Protein chains: 2
Amino acid sequence: MELSPVMESFVLHWGEMGSRWGLNRTVAQIYALLYIAGRPLPADEIADTLKVARSNVSTSIRELQAWELIERTHEIGDRRDHFVAETDLWTMAARIAEERKRREIDPTLAALARCLSDVRMDDGIGKDAVARIRAMHGFLESASGWYEEIRDLPQSKLETLMKMGAKVARLEAPGKKPKKKKGKR
Amino acid sequence: MELSPVMESFVLHWGEMGSRWGLNRTVAQIYALLYIAGRPLPADEIADTLKVARSNVSTSIRELQAWELIERTHEIGDRRDHFVAETDLWTMAARIAEERKRREIDPTLAALARCLSDVRMDDGIGKDAVARIRAMHGFLESASGWYEEIRDLPQSKLETLMKMGAKVARLEAPGKKPKKKKGKR
DNA sequence: TAGATATTTCAGAAATTACCGAAAGCAGGA
DNA sequence: TCCTGCTTTCGGTAATTTCTGAAATATCTA
């Protein structure tokens, strides 16, 4: 597939950014390519376009499937697998959030729980330190619980909630004026 | 400072996790140490405890200050700088969120905006591809705007909002039963 | 101002992570 | 069953990131 300059720049930037999002560069570029292409592409065409090894594409596709960001499809008369990107951005964001929670929050929670259960066997730790570990565990757990509650909301409800957020910000915090413009940092 | 087994495990796990959070391992360990210590520590004591080079501590502390996760303090009769961790977890989470937005969202938005402005000079790109770029830009911009609106809410309002989230989930989505237990994956 | 201690900077070493290409593994069709 | 086209795995290499130790800088005391 031939990329126009803007498309190329889109793909390259996604690659850059992807690495800050927990995807690696190639994985992110492949997603970007599929997103911008808007049609199913086979692995070899992806490799051609991005100038990376086929094997690398294969691995990356595997990862994208784990994130559920792309889907396998088939074309009649072609037994190669083709892949399309998830184009609904709410879904995309949700998938990324889900995977990141799984990688970033859940293991932390587990580790903290283990710390708390080991506390009784540790006579070298102070009461206050234990309290701080407990506080962190509790905090993460409630954040995690909240996330799980809203995770499955349909998009429309989520939008409602976001509007409510804005309202809460404006009505219930009279000390702050509602902003008309974004503040600079 | 002597670490008890549980404290050590806490610090090590934070180190592991920190790297998934955008901090590097040492930076995260230092934060964890300061958090668990619950009192100001000087740089050399940190280096001793974690067995890392003093210079490394210096660099990491600089980064933690950029994240605003620690603060410099002084003890009378000691001219060394001491450092304490931010112990309020809401604040901690907010700081991490802020920095991540700055690193992950803002540059992406800028790149997308650049793509859109370059579109007129690119005759090789299709209308639908442009529409997809525009969609992504719009999505990120509104998410970013929402974040900015709730960012400055005091903790109490945020908690209100979270409760509202739960309510919206339960009352307005009658198709889904409210869960009593977490699902397994 | 000298002398001592504390802190930062920086170039290279060490460790981690991503990538490639060769070869093995797996299906569907003859 | 074998053949054919594709996918996956794996060992080695390249690139990137993190860490260190030495030197430079800054700050306090006398």
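Order of the sequence lines fixes the chain letters, A, B, ..., with proteins taken first and strands second; residue numbering starts at 1 for each chain. Bear in mind the structure is a predicted one, so any value in this text is a computation, not a measurement.
Counting non-hydrogen atoms under 4.0 angstrom, R54(B) reaches a base of the nucleic acid. Using a 4.0 Å heavy-atom distance criterion, N24(A) is classed as a sugar-phosphate-only contact. Using a 4.0 Å heavy-atom criterion, one finds that D81(A) contacts the sugar-phosphate atoms exclusively. Residue R79(A) is classed as a base contact, given a heavy-atom separation below 4.0 Å to a base.
For the pair L50(B) CG and dT20(D) P, the computed distance is 10 Å after rounding to whole Å. Separating the CG atom of L64(B) from the P atom of dT8(C) is a distance of 13 Å, rounded to the nearest angstrom. The distance between atom CD of E63(A) and atom P of dT9(D), rounded to the nearest whole Å, is 13 Å. Rounded to a whole Å, the CZ atom of R62(A) is 14 Å from the C1' atom of dC26(C). Distance CG (D44(A)) to C1' (dT8(D)): 15 Å, rounded to an integer number of Å. Look at CD1 on I61(B): it is 15 Å from C1' on dT9(C), rounded to the nearest Å. What separates CZ of R20(B) from P of dT16(C) is a distance of 14 Å, to the nearest Å. Nucleotide dT8(D) holds its C1' atom 12 Å from the CD atom of Q65(A), rounded to whole Å.
Each of T59(B) and T26(A) was matched to the nucleotide of DNA chain C holding its nearest heavy atom; the match closer to the 5' end belongs to T59(B).
OP1 and OP2 of dT7(D) both lie 4.0 Å or more from every side-chain N or O belonging to S58(A). Distances shown here put every side-chain N or O of S55(B) at or beyond 4.0 Å from the OP1 or OP2 atom of dT9(C). Contact check, R25(A) against dT16(D): no side-chain N or O comes under 4.0 Å of OP1 or OP2.
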- Task: I would like to know whether D44(B) and R54(B) meet salt bridge (Lys or Arg N to Asp or Glu O under 4.0 Å); could you show each step before the answer?
- Result: CA-CA 6 Å; D44(B) 51 359; R54(B) 174 69 185 72; 5.7 Å; no

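The side chain of N56(A) lies closest to dC19(C), out of dC19(D), dC19(C), dT9(D).
A salt bridge links R39(B) with E45(B): the closest approach of a Lys/Arg side-chain nitrogen to an acidic carboxylate oxygen falls below 4.0 angstrom. In this structure, R102(B) pairs ionically with E99(B), as a charged nitrogen and a carboxylate oxygen lie closer than 4.0 Å.
Closest non-hydrogen pair, A32(A) versus W14(A), comes out as CB-CB, 3.4 Å.
Between F139(A) and W90(B), the ring planes lie perpendicular to each other; the angle is over 60°, past the 30° to 60° tilted range.
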